[in-house]
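Values in this document were obtained by computation on a predicted structure and should not be read as measured data.
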Amino acid sequence: MRTEPNEPPSFDHLIHWVTDLDKAADAYRAIGLPVVDALTMPGFRNAAWPLDLIHYVELATVTDWEAVTTSKYAEALEALRPAIEALDGSSGGLTFAVHVPDASKMAEQLRAEGHEIAETQVYFEEYDLAFTEVFVCDGPTWWPFFISFDPPRDVLAKKRADAQTEAEKPGTLEAGLPQSDTDLEGIVITSADPETAADGVADLLGLPIERADGAMWVPLPDLPLFFERGETEGITTLLVSGIEIEHEVDLHGLRLRKTERENPAPLNANVAQAKGLSTRR
């Protein structure tokens, strides 16, 4: 029986897998979504559209699978490889991370339930930052993975808030968090059988399924997961507000759909706000 965590699982970040990172980042910027370069390591590069001090959309690519075996992300990328291969050489929504207080404990519970699990740890000495990632290998390739941080995520958010305050002071040379009026309000997952898809991820996360006005969603704290019927199995669309688009936009295999702030559980950075941080514009 799975024990109840002190803090419920919540959205952390989404991975948009891209075949050309520079072109994808430029496409984001062209429609007003600020993307910043993040990491470059052997065989791997990524960038991020920061949503606040905690949440973000990661743009990621592998440039050399042989070289990436020597990088800090080697084990995690190997765990993600079935999802990457499912995209069949194209760009698209890959998966998303769900924050839990203790990912290793979550791994133990999932193994006890009979799941096949891959657990990885990454440590960045220069930032004194470590995180544990837990991948569920026996589910759909788009299923989320679990992540926890050391120091804890709220401590990291406080450090980022302090750095942001310093960056906003007159005369500083440090770059702060890029500003944007666009917010991520939900993820759309399509499936030939959306009911079964929703049931599976709801059971994995220990969350209910909710329905209203023809919509079906799993109320993951900080970002709801909407399920729709479609030919593609996986993450196909991001629901965004505060963006000037009239129709859905195909952004390197991931569609953007404009919505208003009327969703059942819009992203609100509640973890950071509970700590008294200012994270949203």
Side-chain angles (χ1 to χ4, degrees), residues 2-15 34-41 44 46-60 71-73 75-76 79 95-110 117 119-135 144-169 172-180 183-184 205-207 219-223 265-281:
R2 192 180 301 180
T3 59
E4 292 295 325
N6 295 328
E7 177 188 315
S10 62
F11 173 74
D12 190 83
H13 68 278
L14 176 138
I15 302 178
V35 169
V36 296
D37 294 333
L39 297 174
T40 298
M41 58 181 65
F44 175 81
N46 69 358
W49 166 30
L51 304 169
D52 52 43
L53 298 176
I54 294 177
H55 313 93
Y56 59 97
V57 173
E58 176 185 1
L59 287 68
S71 80
K72 292 179 184 290
Y73 285 175
E75 291 183 1
T95 183
F96 58 99
V98 169
H99 176 262
V100 291
D102 188 335
S104 292
K105 184 175 181 179
M106 175 62 74
E108 292 177 5
Q109 294 176 338
L110 290 170
I117 298 299
E119 183 176 353
T120 71
Q121 287 84 32
V122 176
Y123 178 55
F124 287 97
E125 297 87 349
E126 61 272 36
Y127 303 119
D128 191 24
L129 167 66
F131 54 87
T132 299
E133 295 177 326
V134 171
F135 301 87
F145 60 98
F146 297 91
I147 188 168
S148 61
F149 297 89
D150 183 15
R153 191 172 69 166
D154 59 338
V155 174
L156 295 173
K158 180 62 168 64
K159 289 182 178 180
R160 292 167 187 162
D162 292 343
Q164 179 73 9
T165 299
E166 287 297 314
E168 291 173 352
K169 289 182 178 179
T172 184
L173 297 179
E174 295 293 327
L177 191 72
Q179 301 296 302
S180 172
D183 282 326
L184 182 59
L205 299 176
L207 296 171
L220 177 64
D222 285 359
L223 198 69
L267 178 65
N268 57 18
N270 62 359
V271 174
Q273 289 176 352
K275 302 297 179 180
L277 305 180
S278 175
T279 61
R280 306 297 285 175
R281 276 74 64 193

Legend entry - Smallest separation among heavy atoms of Pro144 and Val98, with atom names: CB-CG2, 3.7 Å
Inset, instruction - Kindly indicate, with the supporting measurements, whether the criterion side chain to side chain donor-acceptor pair (under 3.5 Å) is fulfilled by Arg153 and Ser10. - result: CA-CA 12 Å; Arg153 191 172 69 166; Ser10 62; 3.1 Å; yes
Inset, instruction - Classify the side-chain pair Thr132/Glu119 by whether it contains a donor and acceptor separated by less than 3.5 Å. - result: no
Legend entry - Closest heavy-atom pair and its distance - Pro50, Pro34: CD-O, 3.5 Å
Legend entry - Closest non-hydrogen atom pair between Val122 and Phe124, with its separation: CG1-CE1, 3.6 Å
Legend entry - Sequence-distant partners of Asp102, side chain to side chain donor-acceptor pair (under 3.5 Å), two or more places apart: none
Inset, instruction - Determine the minimum heavy-atom distance between Pro151 and Asp128, stating which atoms define it. - result: CD-O, 3.5 Å
Inset, instruction - List in chain and number order the residues that pass salt bridge (charged side-chain N to carboxylate O under 4.0 Å, His left out) with Asp150, two or more places apart in sequence or in another chain; answer none if no residue qualifies. - result: none
Inset, instruction - Please answer whether the main-chain N or O of Tyr123 pairs with a side-chain N or O of Lys72 as donor and acceptor at a distance below 3.5 Å. - result: yes
Inset, instruction - Go through the steps for Lys158 and Asp162 under the test salt bridge (charged side-chain N to carboxylate O under 4.0 Å, His left out), then give the verdict. - result: CA-CA 6 Å; Lys158 180 62 168 64; Asp162 292 343; 3.0 Å; yes
Inset, instruction - Could you label the plane-to-plane angle of the Phe44 and Tyr73 rings as parallel, tilted or perpendicular, counting under 30° as parallel and over 60° as perpendicular? - result: perpendicular
Legend entry - Criterion ring pair (Phe, Tyr, Trp, His ring centres under 6.0 Å) against His13, the qualifying member of Tyr56, Trp49, Phe131: Tyr56
Legend entry - Distance (rounded to the nearest 0.5 Å) between Ile117 CD1 and Leu110 CG: 4.5 Å
Inset, instruction - Please say which of Val134, Thr120, Thr95 ends up in a side chain to side chain contact (heavy atoms under 4.5 Å, CB included) with Phe145. - result: Thr95
Legend entry - Distance, nearest 0.5 Å, that separates OG of Ser148 from NZ of Lys105: 12.0 Å
Inset, instruction - Can you see which heavy atom on Leu39 is nearest to which on Asn46, and at what distance? - result: N-OD1, 2.7 Å
Inset, instruction - Could you pull out the closest heavy-atom pair between Ile147 and Ala97, with the gap in Å? - result: CG2-CB, 4.0 Å
Inset, instruction - For side chain to side chain donor-acceptor pair (under 3.5 Å), just list the numbers for Asp222 and His55, CA-CA rounded to whole Å, side-chain angles, deciding distance to a tenth of an Å, and then say yes or no. - result: CA-CA 9 Å; Asp222 285 359; His55 313 93; 2.7 Å; yes
